[in-house]
**Student:** 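I'd like to ask some things about the structure below.
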Amino acid sequence: MQPKGLIGNHDLVKKINMEHIINTILQYRPVSRAKIAALTGLNKMTVSSCIDLFLQKGIVVELGTTGTSRGRPPTLVDINELAGICVGIDIEVNQFTLLITDLLGKKLESMVFPMKNKDPMYFVDSVSSILEDLKKTHSHRQLGVVGVGLVIQGYYNISTDVVDYSANLQEWNDFPLRNELVKRIPDLPIYINPAPYAGAIGEVHFGHSRTVDHLVYVTSSWGLSVGVYNKGELFTGTTGTAGRLGHSTIHMNGKKCSCGNRGCWEMYASIKALYELLDTTPQQLPFAEIVRSMDQGDSKITSAVHQLGHYQGIGLANVINAYNPRVICMGGLLALLGPTLINSIWNTLNEMIPRRFLQDVKIYCSDLGELGVAHGGASMVINHLANTIIRHSLEE
Ligand SMILES: [Zn+2]
């Protein structure tokens with residue numbers, strides 16, 4: 001009855017089928033056409049015509065066979081991981097780290113660039129010229145540079161598309177980061193997230209939580225914040241500032257926080273709090289030194305980490321009650337405090353929460369190391385890989 005709508009629907013169905021097929025390949029790779037058909041519920045003709053298109057575009061490859069079935073064994077299909085590259089960028093106050101991965105997130109290269117100037121336009125200028133160079137270098141790949149995932153200090157307002165608030169880089173507040181980048185590199189998809197969100201999604205893609213549906217990622221440097229991952233999605237809230245739990249009150253009339261409130265969680269459980277407990281500064285005592293002394297059993301440092309873990313536990317009790325996560329992952333510098341921190345967290349949690357609400361919770365330290373956040377940036381790109389492949393495949 002509505003021919004125009006029907007044509008639209010046909011394209012839409014084709015896109016949905018393609019997305020289904022790509023996501024199935026990504027999840028079960030390498031996988032036969034017959035198994036894709038069985039897993040997606042699509043008929044074999046539809047699956048085969050999609051796969052033929054992807055093969056023709058060089059986005060998937062055919063491998064050998066499983067060798068397990070009788071008769072002629074099926075050919076397996078896999079993603080051609082070198083058909084394009086993903087870029088993740090971790091923006092810090094004095095430098096930014098750029099990570100290049102293949103389409104499956106395997107690290108190909110990483111580089112660190114200085115932030116010679118806190119003006120956000122300095123970053124925009126330098127990163128766009130780096131990305132232009134990368135586009136040229138990788139132009140021989142079928143998909144070229146697939147996209148860029150930027151991890152920023154502070155939060156990004158997803159309704160107004162500007163940097164919402166960055167305590168450490170205040171020059172960036174209200175800066176329209178995406179628009180300025182799009183002006184210079186218009187054909188490159190750009191994804192922007194704060195560090196705790198990127199950490200959460202990076203952990204799900206690359207860490208120990210690949211099959212987990214509900215994860216909370218806790219990260220701390222000077223402040224403290226959490227990222228909540230729920231069944232394939234990040235929990236952003238209305239404008240993208242969900243997870244500012246570092247500013248939830250755990251002490252009425254406690255220490256004054258930079259946010260204006262008193263007794264915020266991050267005043268007691270952040271890396272900054274650890275330095276206060278030790279009555280020193282990162283200049284006097286680099287963090288690596290703290291970790292080394294803790295590992296050697298230094299009693300003053302071990303007791304400070306225990307105290308930090310106690311306060312972590314108090315905040316995490318709120319996290320568990322609010323989100324009922326399967327996994328809590330400690331990221332950033334906190335991750336380096338390892339079992340000493342985790343044991344103290346458990347001691348406090350066991351006193352605060354009935355056992356039944358804790359028995360399925362797993363708490364661990366991320367082992368993605370200093371590239372964890374940049375990996376999160378690459379994950380944002382990989383998360384949209386199906387869309388990119390579909391767009392590319394439908395182009396003439
Ligand atoms: Zn606060």
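Starting from 1, each residue takes its place in the sequence as its number. Heavy-atom basis, side chains included; hydrogens, waters and symmetry copies ignored. Counting starts at 1 for both ligands and their atoms, in listed order.
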**Student:** Classify the side-chain pair Asn261/His247 by whether it contains a donor and acceptor separated by less than 3.5 Å.
**Tutor:** no
**Student:** Ignoring hydrogens and geometry beyond distance, is a side-chain donor-acceptor pair present between His306 and Ser344 at under 3.5 Å?
**Tutor:**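 Yes - a donor-acceptor pair under 3.5 Å links their side chains.
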**Student:** May I ask you to say whether Arg184 pairs ionically with Glu132, meaning some side-chain N is under 4.0 Å from a carboxylate O?
**Tutor:**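 No salt bridge links Arg184 with Glu132.
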**Student:** Sorted by chain and residue number, which protein N/O/S atoms are under 2.8 Å from the Zn ion (ligand 1)?
**Tutor:** His247 ND1, Cys257 SG, Cys259 SG, Cys264 SG
**Student:** Which residue pairs pass the side-chain hydrogen bond (donor to acceptor under 3.5 Å, both in side chains) test when at least one of the two sits in residues 309-329, sequence neighbours left out?
**Tutor:**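 Residue pairs with at least one partner in residues 309-329: His310-Thr348.
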**Student:** More than 12 foreign heavy atoms under 6.0 Å from CE of Met252: is that the case here?
**Tutor:**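 At most 12 heavy atoms, drawn from other residues, nucleotides or ligands, come within 6.0 Å of this atom.
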**Student:** Between Tyr275 and Phe287, what is the ring plane arrangement, given parallel below 30°, perpendicular above 60°, and tilted in between?
**Tutor:** tilted
